[in-house]
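Comments concern the structure below.
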Amino acid sequence: MHSYNPAAIEKKWQTYWLQHQTFKTPTDRSKPKYYVLDMFPYPSGSGLHVGHPEGYTATDIIARYKRMMGFNVLHPMGWDAFGLPAEQYAVKTGTHPSITTEHNIKRFREQLQAIGFSYDWDREINTTDPNYFKWTQWIFLKLYEMGLAYEDEVAVNWCPELGTVLANEEVIDGKSEIGGYPVVRRPMRQWILKITAYAERLLQDLDDLDWPESLKDMQRNWIGKSVGAEIDFKIQEYDSEQIRVFTTRPDTLFGVTYMVLAPEHHLVDKITSEQQRSAVHEYVKNAATKSDLDRQELSKEKTGVWTGAFAIHPVTNKQISIWIADYVLVSYGTGAIMAVPAQDERDWEFAEAFDLPIVRTVQPEEGFTGKAYTGDGLAINSEFLNGMGVDEAKNTMIQWLEDNRVGSKAINYKLRDWLFSRQRYWGEPFPILHTDKGVIPLSEDQLPLELPVVDRYQPTGDGEPPLANATQWVYTIDPATGKPAKRETNTMPQWAGSCWYYLRYISPDWEGGPVDPDYESYWMPVDLYVGGAEHAVLHLLYARFWHKVLFDLGVVSTKEPFQKLVNQGMILGEVEYTAAKKNGEWIPVDYADEATDRIRLSDEDVEKKGDHFVIKGTSIRIEARAHKMSKSRGNVINPDQIIEKFGADSLRLYEMFMGPLEQVKPWSTKGVDGVNRFLHRAWRLLVNEEDGKLKSTICEIEPTKEQLKVLHAAIKKVSQDIETMRFNTAISALMIFVNEANTWSQIPKAVCQNFVQILSPFAPHISEELWMKLGHHESLAYQEWPAFDEQHLTDDEIMYPVQINGKVRAELFVPAGLSMDKQYVIENAKALEKIQGYLEGGRLVKEIFVPMRIVNLVIAPQ
RNA sequence: GGGGAUGUGGUGGAACUGGUAGACACGCUUGGCUUAGAACCAAGUGCCGCAAGGCGUGGGGGUUCGACUCCCUCCAUCCCUACCA
C-alpha cells in the first residue's frame, strides 16, 4: 500500500531541505526583497506548545509564497535565551543556565524543524551567545555615550522571593508576573534608559506604520501624552521655594481649593509645620513601606495629611492649604497637584473626605446631578475667564501665566524612563566599571564582557545581585589607569537582547558592528512581523526606541524597524462543559459559588436549549467555554503528539484553518481530523495507492473549460488570501478544488501541477512528494507561482436572483453576452412564471437592476 | 473608571465596496462497502411546519428597493490598562 504516510515523507523532505540548503538566504540583491520575521521564542523547558506554530506557520506560508513569487526572502529564527526560568533551575540544581539553555534550544530547534518551517538555520541567533551579546553591550555603550543611560537611586519593585527588582510592567496587581510573589518598594541604585527623550518620536512615527489600529492605540495610551500647563505656587513663609504643578486644566485655576504633594515629594519635609510633623512623618513612612498592592487596595478610600503649610494662589493671592496624599504619584508630572474638586473626581473624593471647600468654575450642563463635572461648559467664578468655553479659557489662562511668569504651557507623558537593570545572574553583564573617579565604560575592544563562572546563583544575603559573589570577576583593574575598579553586578533585562535581534539576522557573522550596513540597507525594514499581542507595548516599544537610537547613530537606515505587524490570536484549549453540584444536587452554573463542586461533562451529556447549554434532558444550565491553555488546567495541546498522529502538514493546515489569524480561537482535535482527511483525498487524487505511482487518470491532455475555471478560481482565491493573510479561506478554496477534481474522470497533468504548487506553502511536505511523483527532480520551493487568468473565470450563462420587495423568489439565467442589458434582464425576469404571480397581485412601482448581481422588483399592493 | 476586540446553525467559521446568509470543515442522520469496526463512498443537515409557507446574523429602533454589513441605543463575553492631575 502506498497511501498518504506523513511520517515517512515529512522526515525525508526535512532532511532534503537541510542537505540541499534549500532555504539559504540569497546574497545577491538583484531581486526585490521580503523580510518576514517571527517573534523569537524563549526556549523554555516545556518545549513548544500549539500557540507557537500559529504565527510561525502564517509567516512560513508567506515566506514560501514570496519565494515562488520571485522575491529574495529573509526568514530567520533564533532564541531569546536569557531569562529567569533557567536561572531558577540553576538555583535549585546548580546546573549552569547555559547548559539548560543549550538543551532547551536543541529541543525547540528539533520541534520547529519537525513542522517543516523554511527558516535559514545558518542565521540562527542566540541572545546568550557572547558573539551576539557583544553587540547588545556595544549598543548599551552607545546609549551611555549619548547620555541615554544613567544611574539613579530609585524606589524599585523589589521582589524578595525572586531576589530581584522588577519593571513596572512585570508587576501585576502588586505581585510578580512570574510566580505571583509579593512585591514591595525599596530604593536601589539602578541603570535607567532615557526612553522618555524619544517619547514624542515614538508617538509621532506610529502614524506611518501598517500596524493594527488597536495596537497603535495601546502604544499611544502607554506613552500617554497630555498637554496642559505647569504652574508655580509660592509657599507662605518660604520665599525661596515654590511648588510646581502640572495640570491639563489650567482653565480651572480659580477652582483650586487645596494642593497635594506626593508623600515622596522633596519639599514635604521642609514645609511641614511643627504641629503636623509627627502626623506627616507617620504618613510618609507608611506610604513608603506599602507595596503597590496595598496602595491599590486602600485606594478606595482617599487618605492624606495636612502639612500645616499654605501656598499662595498665583492669581487671587488667597492662601491654600497644602496636603500630602498617596493618590498623587511622585513619578508623574511634578509629583504635586493643584486640587480642583469641582472638576476632578479624585479631588472631589478627597475634598469630601477632609471637608475641604469646593468651588465650581465650569457651569455644568443642565440636569447635571453628579459631583465633579469634567465636561465642557462656560467658566464661572473665574474673573477674567468667565463666559469662556474650556478650550478658550485654557489658552487665555496659559497666556496670563506666561505674561505674569508664573507658569507656561507644558506637555507630559505617562511613559517613564526604562528601569534597565536586574539583580540576576543570567543576563548580559553591563560593560561598566565603577572606580573612585566614577563610572567608566569599557572600550569596544574589551567586548564581549562574559559572565563569570559562579557556584551559587542566589543573591547575596544583603540583597546584592548574584554576580557580587564572583569576587575575582568583580574586583578588577581599570585597564586605562591600572587602578582598582569594580564591575557592575547588575545584569540587563531580558528585553535587551530582543530589542535588536532582527538586525543581527541580516549579517549574523559581521564583526564590524551590530549589522553590516551594506546588507542592512537592502533588507530593512522588516516587511512583516508576526507575534503575540502580549508584546504590544513592551517589546515593541523598547525595540522601536533602540532602533531610533541606532538610526540617530547611523547604524540603521530606517526610522522604524517593523513596517507591518500582525498579532496572532491566542489558541485556547478544547471547549469544556462544566456543571455545578452543591450538596449532591445539580444547580445552574450561574448560582455557583466557592462551595460548589465543578464537574466536567462530555459533549454527549449536554445539549443546547435556547441561549445556553444544559445537562441533557434537563433545564440545568451549565457553562460551555474554552479556557486558556495552562499546565494547571491540564488542557495543553502538545504539537509533537499532533505531528505523530496526523503529520506536520495537518498541524500546519489546522492551525491556519481554525479561523482568522488575529482571532482568539479554541483548539479542536476533531478539526485536525478534517484537514487530515483533506490531505488524504488530495493524495488519492494523484497517487495510485497500489503502486505509489501517478494515477492513470492524470494525463497529458488539454484542460476543459470547466477544469480551467475550477483551477483558476482556486489560484485566484489562494493568491489573494495569502496576500491578505486570510489563510482559513485559502485552505477552503484548496478543498473546493479537490472536491471538484475528484469528480473528473481525467485530469490534465498541468492542472495537477498548478494545484500542487498552490498547496505547497500550506502543506510543503506532501506537495514536494507529489511534485516528485509528477516527474520533477528538484524542490518546488522556487517554482514560479501560477498566475490566474480572469478570462477562465467567466461563465457562458449568468444567474440573476430575482427579488420581489427584497426577497428572492426566482432565479433567471441569461447568456453572458446579454447579462449587462438591463432591459433584456428585467423583461425576462418579469416573464418568469413564479414572478408573474407576484406581479398580478400588485402594482409594479420600481425596477432595480444591479449588473451581475441582482434584480429587485418593488410591488405595492393594488 | 479608561481603552480595545468580539457576538452568525449543535461546533469552528464563510459572505468582496450594502445585493441569493450559513462557503469550507467538524458533528449528526440515512444508505452503500465490510463477518464487524475503522477508513472510504453516496445523500441529507439553520429553525418551525406533513406541506404551502413563515422565521432567522446578541436585543430594540432607524436609513434603504434591499442591512451580518451603515447610523442610534441597550445587553453579554473576552483582552489590555488603571488614582497619569
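Everything numeric in this text was worked out from a predicted model, so none of it was measured. Naming: A, B, ... by sequence-line order, numbering from 1 per chain.
Atom name P, nucleotides rU11(B) and rG32(B): the rounded distance is 31 Å, in whole Å. Spacing between rA23(B) and rC33(B) at atom C1', rounded to whole Å, works out to 30 Å. Nucleotides rA21(B) and rA5(B) have their P atoms positioned 29 Å apart, rounded to a whole Å. When the C1' atom is compared between rC16(B) and rC68(B), the two are found 14 Å apart, to the nearest whole Å. Comparing rG3(B) with rC47(B), their C1' atoms are spaced 38 Å from each other, to the whole Å. Nucleotides rC83(B) and rA14(B) are separated by 46 Å at their C1' atoms, to the nearest Å.
The interatomic distance linking Phe737(A) (CZ) with rA23(B) (C1') rounds to 18 Å, in whole Å. Between Lys414(A) atom NZ and rC80(B) atom C1' there is a gap of 11 Å when expressed in whole angstrom units. Ile320(A) has its CD1 atom 20 Å from the P atom of rA85(B), to the nearest Å. Atom CD in Glu349(A) sits roughly 10 Å away from atom C1' in rG1(B) (whole-Å rounding). If you take OH of Tyr332(A) and P of rU81(B), they are 19 Å apart, rounded to a whole angstrom. Between Gln720(A) atom CD and rA23(B) atom P there is a gap of 21 Å when expressed in whole angstrom units. Between Trp667(A) atom CH2 and rG13(B) atom P there is a gap of 14 Å when expressed in whole angstrom units. Put simply, CG on Asn676(A) is 17 Å from P on rA38(B), counting in whole angstrom units.
As judged by a 4.0 angstrom heavy-atom cut-off over every strand, Gln803(A) is placed among the base-contacting residues. When heavy atoms are screened at a 4.0 angstrom cut-off, Ile736(A) is found touching the sugar-phosphate backbone but no base atom. In this structure, Met799(A) reaches the bases: a heavy-atom distance under 4.0 Å links it to at least one base atom across the strands shown. Across all strands shown, Lys670(A) has heavy atoms under 4.0 Å from sugar-phosphate atoms exclusively, and none from any base. Using a 4.0 Å heavy-atom distance criterion, Thr248(A) is classed as a sugar-phosphate-only contact. Residue contacts shown for Ser226(A) are limited to sugar-phosphate atoms, with no base heavy atom under 4.0 Å away. Within the nucleic acid shown, Arg220(A) has no heavy atom closer than 4.0 Å to any nucleic acid atom.
Under a 4.0 Å N-O distance rule, the pair Asp344(A)/Arg249(A) does not qualify as a salt bridge. A salt bridge links Arg633(A) with Glu576(A): the distance from a Lys NZ or Arg NE/NH1/NH2 to an Asp or Glu carboxylate oxygen falls below 4.0 Å. Between Glu200(A) and Lys225(A) there is a salt bridge, since at least one side-chain N of the basic residue sits less than 4.0 Å from a carboxylate O of the acidic one.
At most 12 heavy atoms of other shown residues, nucleotides or ligands fall within 6.0 angstrom of atom NZ in Lys409(A).
The partner of rA42(B) is rU30(B), judged by Watson-Crick or G-U wobble contacts that both fall below 3.5 Å. Base pairing analysis places rC24(B) opposite rG12(B); the two distances defining the Watson-Crick or G-U wobble pair are each below 3.5 Å. The partner of rA5(B) is rU77(B), by the rule that a Watson-Crick or G-U pair needs both atom distances under 3.5 Å. When both pairing distances are held under 3.5 Å, rU35(B) makes no Watson-Crick or G-U pair with any nucleotide shown. Across all strands shown, rC50(B) forms no Watson-Crick or G-U wobble pair with both distances under 3.5 Å.
Both Ile848(A) and Thr743(A) lie near RNA chain B, and the one whose nearest nucleotide falls closer to the 5' end is Thr743(A). Where Asn739(A) and Val808(A) each meet RNA chain B at their nearest nucleotide, the meeting point lying more 5' is that of Val808(A).
Proximity of the aromatic rings of Tyr800(A) and Phe849(A) is defined here by a centroid distance below 6.0 angstrom, and this criterion is met. Between Tyr4(A) and His680(A), the distance from one ring center to the other falls under 6.0 angstrom.
Below 30°, between 30° and 60°, or above 60°: for Phe737(A) and Trp744(A) the angle between ring planes is above 60°, a perpendicular geometry.
In this structure, rG44(B) shows a glycosidic angle more than 90 degrees from zero, which is the anti conformation.
With hydrogens and angles left out, the side chain of Arg853(A) and the base of rC16(B) share a donor-acceptor pair within 3.5 Å.
Heavy-atom minimum distance, Ser3(A) versus Trp683(A): C-NE1, 3.5 Å.
Using modelled atom types, one finds no donor on one side chain facing an acceptor on the other under 3.5 Å when comparing Glu345(A) with Thr374(A).
Between rA25(B) and Arg681(A), a contact under 4.0 Å exists linking OP1 or OP2 to a side-chain N or O. Using a 4.0 Å cut-off, some side-chain N or O of Lys807(A) falls inside it from OP1 or OP2 of rC55(B). Proximity of Arg726(A) to the phosphate of rA15(B): a side-chain N or O atom is located under 4.0 Å from OP1 or OP2.
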Return a single string for nucleotides 3-12 of chain B, one symbol per nucleotide in 5' to 3' order, where B is base contact, S is sugar-phosphate-only contact and - is none, cutoff 4.0 angstrom on heavy atoms.
SS-----SSB
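Comparing atom distances between the Leu329(A) side chain and each of rC65(B), rA85(B), rG54(B) picks out rA85(B) as nearest.
Cation-pi contact between Lys302(A) and Phe350(A): absent, since separation from the ring centre below 6.0 Å together with deviation from the ring axis within 45° is not met.
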